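Beneath this line is the structure, given in structure tokens, with notes to follow.
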Amino acid sequence: MLSLIHRNISRERVYFILLSLVLVAIVLVFRPLHNTDHTRLLPLAPMLSVSPRDQAANETLGFQKILALSTGPSWRTRGLNAAAQLTDLQITVTPQPRNPPELINAFASIGKEQGATLPRLGSATAWMAHLDLLKYVVTSGLTSAFIVEDDVDWDIRIKEQTKLISDNVRLHTGASAEDATPYGTGWDVLWLGHCGSLIADGMPEPRLYGDDSRCETALYSGWSKRFLREKLAENHRLVQTSLQTVCTFGYGVTKSSAQKVLTLLGTGADEAFDVSLSAHCRGDELRCLVVNPQVFNHYEPPAGHGYLSHVHVGDGQGSAASKEAETEFEREMGTTGNIMKSARCEALFNKTCMRPPSEI
Ligand SMILES: *[C@@H]1O[C@H](CO)[C@@H](O)[C@H](O)[C@H]1NC(C)=O
Ligand SMILES: *[C@@H]1O[C@H](CO)[C@@H](O)[C@H](O)[C@H]1NC(C)=O
């Protein structure tokens, strides 16, 4: 027994010595390369050499994460994932709590005695979901996040678009050369996905830039179409201060601004999350930058299958489509307004699917 142990120990020792010799040999062989050829190692230095505009074109569009607001797997998330895969984006669908009706009711009645405008139940549910996601951003310690709703859509050229947004947001906010962040730090909300924002004379100087992938004005659908027609040249977008922006299809926040939005919008007492965000953007509380026209828009399933959004159902405007109806319309192509080359429709149907133009 004793001799067996001895034998094992000495065998281990031999292995150890052999291994050490091999390691020493490896170090000796590779040391000359290390000493003489520094330049070969430089590309390994991470991030330092990635320009802001190239960061803005990475898999999370220059944000630390893209987070999707979702109530669970459905045609919305399946289309979202297909579009993300096609355009090489990483979108995280975060787990969302199901707030009980009592909690939603309570939230929807804050400010009732003071005569505040109150959200209807569907809008209150969606509002609380945005708050939950913002809490997730804060507690996860993310430096920045881009929040999308799970029926969102974008152009297959999204990364070319965000490179231009990076250049122009940085110029608009006077980001210094030392600031290596993709969009600078001069904003709280970077509102890239909406359904319209006003363009007015006398607003703080907007920044005009060329973008050939932009939706033609004649093809645009939305209440702010008139402003595009009257105040914005074709093939151009604006980086501008938010003015009456509506719909939160996609917006960026930072670590500190996520907390600010939570504090400001945490108590409800308005028609809906987007309306309240827009109101707080009007004051000095939040610095909100909009890209106009939008680069994110929502996808709508084909008409005629009884589709209604969760918010509309919750607001009492009808009942949701059955699972069977959902399966049916999932096979048929819907439309996305204001996006020339929809990533969803390209991924799922190999087609474009522009919503017919309209003034609303
Ligand atoms: C994209 O760039 C941002 C900003 O530099 C960074 O925080 C994020 O981790 C990058 N995303 C990926 C997938 O590397
Ligand atoms: C997509 O459509 C184009 C024509 O519009 C066709 O040439 C191409 O083969 C199609 N691709 C796939 C994967 O079906």
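Keep in mind that the numbers below use all heavy atoms, side chains included, and drop hydrogens, waters and symmetry copies. Model, not experiment: these values are computed from the prediction. Start at 1 and go down the list; that is how both ligands and their atoms are numbered.
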Between S176 and D179, a side-chain donor and acceptor under 3.5 Å: no
N/O donor-acceptor pair under 3.5 Å between W191 side chain and S197 backbone: no
Sorted by chain and number, the residues that approach ligand 2 to under 4.0 Å with a heavy atom: N350
E59, any N or O under 3.5 Å of ligand 1 N or O: no
Atom indices of ligand 1, in the order listed, that fall short of 4.0 Å to a heavy atom of T60: 1 (C), 8 (C), 10 (C), 11 (N), 12 (C), 13 (C)
Pairing of E326 and R331 as salt bridge, 4.0 angstrom limit: no
Residue pair T248 / E149, side-chain donor-acceptor N/O under 3.5 Å: yes
Flag for W187-T173: side-chain donor and acceptor within less than 3.5 Å: no
Residue K231 excluded, over 12 heavy atoms near NZ under 6.0 Å: yes
Distance-only N or O hit between ligand 1 and Q55, under 3.5 Å: yes
Pair S144, Q64: side-chain N/O donor-acceptor within cut-off below 3.5 Å: no
